[in-house]
Structures are given as C-alpha cells and as structure tokens.
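Data block below; observations after.
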Amino acid sequence: MVVRHLYIARHGAADAFGELTSTGRQQAELLGARLATLPIDAVWHSPLPRAADTALTIAQHLPSVPLHESAELIDHVPWVPPIDEMPSTMRGFFDGFDADEAADGHRIATALVEKFAAAPTTDDDTYEVLITHDYPIAWLLRHALDAPPIRWFGISSANTALTVLEFRPGHAATLVMFNDMSHLPVELTWTGFPPSIRP
C-alpha cells in the first residue's frame with residue numbers, strides 16, 4: 001500500500017520583523033541535516049520570509065530536491081468558533097476577527113488539507129517536507145486526528161520541531177511523531193514557546 005509521508009516543521013526562530021535569527025538559521029541547518037538522510041521528493045514552504053529562508057537552508061542539504069512555494073502554507077488562523085460556542089478564555093484571542101477574515105482563514109485551511117492531507121496519487125510512496133507556521137501545523141494535526149475544529153487552538157509547535165503524518169488510501173491518517181526536537185541541542189530547543197512554559 002502506497003504511503004504519503006509528510007515531514008512538517010515550523011520555520012526557524014525569527015525576530016519581530018519575521019526574519020530568521022542566528023538561532024533560527026542554526027535550527028534550519030540541523031533540520032536540513034536530519035532530513036538529508038531521507039528520500040525526500042519535494043520541499044514545500046510558506047511564502048513568508050521566515051519559512052522561505054528556512055526552506056532554502058534545508059534545500060542546501062537536499063541539492064537534487066525541488067523547492068516549491070505554496071500559498072496554502074501561509075500563516076493564518078484556520079478556524080474561528082462561533083461566538084456562542086467560544087469559551088470565554090478564547091475570546092481575547094479572537095477579538096477583532098470579522099466574518100470575512102474568519103471565512104478567508106478557513107478557506108485557506110480547507111485548501112491546505114485538500115492539497116497535502118491525502119494519500120498519494122502515484123504508485124510509489126512519496127516523501128514531502130512542509131515548512132510552515134504554528135497554526136497550519138495545528139490544523140493539519142487536528143484534521144489527521146479527526147478532532148473537532150476548535151481543537152486546533154492550543155496545539156503549538158516549537159521552531160523546526162518535526163511532526164510526521166502518513167496518509168494511505170482508504171485509511172485514517174497516522175500520526176508518527178509530533179514536535180520532535182531530537183535534531184536540536186538543548187540550547188536550541190523550545191523556541192517559539194513562552195519561557196514560562198518551556199520544560
């Protein structure tokens with residue numbers, strides 16, 4: 001049975017202007033070295049500079065692998081719960097989102113799932129890297145686990161942490177790993193999380 005293997009990672013650590021920091025570049029280098037041991041077919045990335053630069057760094061470790069930009073991987077809020085279903089603890093986060101913004105974010109999220117969260121259409125296994133952002137990873141994970149839409153909220157990924165999903169024809173998705181940072185030394189782990197919650 002053919003399998004689509006998705007290796008999904010958040011971009012490297014970035015500054016307030018959305019550019020990779022020196023830490024982010026080190027993280028990307030180490031993720032690239034880890035992925036170089038795999039038979040990767042393609043690297044996809046968000047159009048935003050922090051993701052594009054992470055993907056370019058990774059691509060240096062995968063010289064024969066095509067690199068593609070994908071609008072579906074852009075940073076976006078994938079789903080805004082209706083106000084009558086929204087827990088009070090979430091209201092501050094979603095304050096200011098209007099119906100058009102919510103609909104646009106969900107349209108991108110739907111396109112993301114349609115493009116990447118499916119079994120391969122070839123006769124061979126495929127191996128793809130997705131370099132994206134925290135919220136799209138949460139949405140893909142929520143979809144793979146068939147969880148309610150609201151469950152994307154609160155799922156967070158560290159910078160260049162690896163999540164692996166597998167898709168097979170006629171089968172539920174398989175979560176192989178989530179937020180794996182074993183390619184990073186301790187001093188480069190858990191960036192992207194508030195210091196107060198880092199283990």
Side-chain angles (χ1 to χ4, degrees), residues 1-12 27-28 30-48 51-52 54-55 58-59 61-62 65-79 105-184 189-190 192-193:
M1 181 179 293
V2 293
V3 181
R4 185 179 196 176
H5 305 264
L6 291 186
Y7 298 89
I8 310 165
R10 187 179 178 183
H11 57 80
Q27 291 169 328
L30 292 165
L31 178 58
R34 179 177 183 178
L35 294 170
T37 65
L38 300 169
I40 302 299
D41 298 305
V43 176
W44 300 86
H45 65 85
S46 156
L48 297 179
T54 299
I58 289 168
H61 296 267
L62 305 165
V65 176
L67 186 64
H68 306 286
E69 182 177 295
S70 176
E72 294 84 359
L73 293 170
I74 197 144
D75 200 7
H76 67 282
V77 171
W79 188 75
H106 192 60
R107 177 192 57 76
I108 297 169
T110 300
L112 172 69
V113 166
E114 289 174 353
K115 185 168 184 174
F116 294 111
T121 56
T122 64
D123 294 331
D124 299 310
D125 288 3
T126 60
Y127 299 81
E128 297 161 273
V129 175
L130 310 184
I131 303 301
T132 184
H133 308 272
D134 198 19
Y135 299 163
I137 296 171
W139 188 255
L140 285 168
L141 181 59
R142 178 223 61 85
H143 173 79
L145 297 175
D146 199 24
I150 202 167
R151 290 295 295 124
W152 79 268
F153 191 84
I155 298 173
S156 295
S157 295
N159 295 116
T160 70
L162 199 58
T163 292
V164 181
L165 299 176
E166 294 178 348
F167 298 91
R168 296 167 174 80
H171 286 258
T174 300
L175 172 62
V176 178
M177 66 176 65
F178 170 65
N179 223 20
D180 183 84
M181 292 174 270
S182 59
H183 51 286
L184 301 175
T189 59
W190 294 107
F193 283 79

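Model, not experiment: these values are computed from the prediction.
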Under the side-chain hydrogen bond (donor to acceptor under 3.5 Å, both in side chains) test, residues paired with Asp75 that sit two or more places apart: Arg50
For His76, side-chain hydrogen bond (donor to acceptor under 3.5 Å, both in side chains) partners two or more places apart: none
Would you give the length of the straight line joining atom [atom1] of [X] to atom [atom2] of [Y], rounded to the nearest 0.5 angstrom?
X: Asp180; Y: Phe178; atom1: CG; atom2: CZ; result: 11.0 Å
X: His183; Y: Leu30; atom1: NE2; atom2: CG; result: 7.0 Å
X: Leu35; Y: His61; atom1: CG; atom2: NE2; result: 9.5 Å
X: His11; Y: Ile58; atom1: NE2; atom2: CD1; result: 12.0 Å
X: Met177; Y: Ile8; atom1: CE; atom2: CD1; result: 12.0 Å

Sequence-distant partners of Ala71, side chain to side chain contact (heavy atoms under 4.5 Å, CB included), two or more places apart: none
Are [X] and [Y] close enough that some pair of their side-chain heavy atoms sits under 4.5 Å apart?
X: Arg10; Y: Ser156; answer: no
X: His68; Y: His45; answer: no
X: Tyr7; Y: Val176; answer: no

Table please: side-chain donor-acceptor pairs of residues 106-122 below 3.5 Å, with sequence neighbours left out.
unit_1: His106; atom_1: ND1; unit_2: Pro78; atom_2: O; d: 3.0
unit_1: Arg107; atom_1: NE; unit_2: Asp104; atom_2: OD1; d: 3.2
unit_1: Arg107; atom_1: NH2; unit_2: Asp104; atom_2: OD1; d: 2.7
unit_1: Thr110; atom_1: OG1; unit_2: His106; atom_2: O; d: 2.9
unit_1: Lys115; atom_1: NZ; unit_2: Ser70; atom_2: OG; d: 3.2
unit_1: Lys115; atom_1: NZ; unit_2: Glu72; atom_2: OE1; d: 3.3
unit_1: Thr122; atom_1: OG1; unit_2: Asp124; atom_2: N; d: 3.4
unit_1: Thr122; atom_1: OG1; unit_2: Asp124; atom_2: O; d: 2.8

Give the minimum heavy-atom separation between [X] and [Y], together with the two atoms involved.
X: Asp125; Y: Val2; answer: OD1-CA, 3.3 Å
X: Trp152; Y: Pro149; answer: CD1-O, 3.0 Å
X: Thr126; Y: Arg4; answer: OG1-CG, 3.3 Å
X: Met181; Y: Ala158; answer: SD-CB, 3.6 Å

N/O donor-acceptor pairs under 3.5 Å from side chains in residues 130-148, not counting sequence neighbours:
unit_1: Thr132; atom_1: OG1; unit_2: Leu73; atom_2: O; d: 2.6
unit_1: His133; atom_1: NE2; unit_2: Ser46; atom_2: OG; d: 2.8
unit_1: Asp134; atom_1: OD1; unit_2: Ser157; atom_2: N; d: 2.7
unit_1: Arg142; atom_1: NH1; unit_2: Ala147; atom_2: O; d: 2.5

Leu165/Leu175 under side chain to side chain contact (heavy atoms under 4.5 Å, CB included): CA gap, chis, key distance, verdict: CA-CA 5 Å; Leu165 299 176; Leu175 172 62; 3.7 Å; yes
Residue pairs fulfilling side-chain hydrogen bond (donor to acceptor under 3.5 Å, both in side chains) with at least one residue in residues 159-175, sequence neighbours excluded: His5-Glu166, Asn159-Thr191, Glu166-Arg168, Arg168-Thr174
Main-chain N/O of Gly12 paired to Thr54 side chain as donor or acceptor, under 3.5 Å: yes
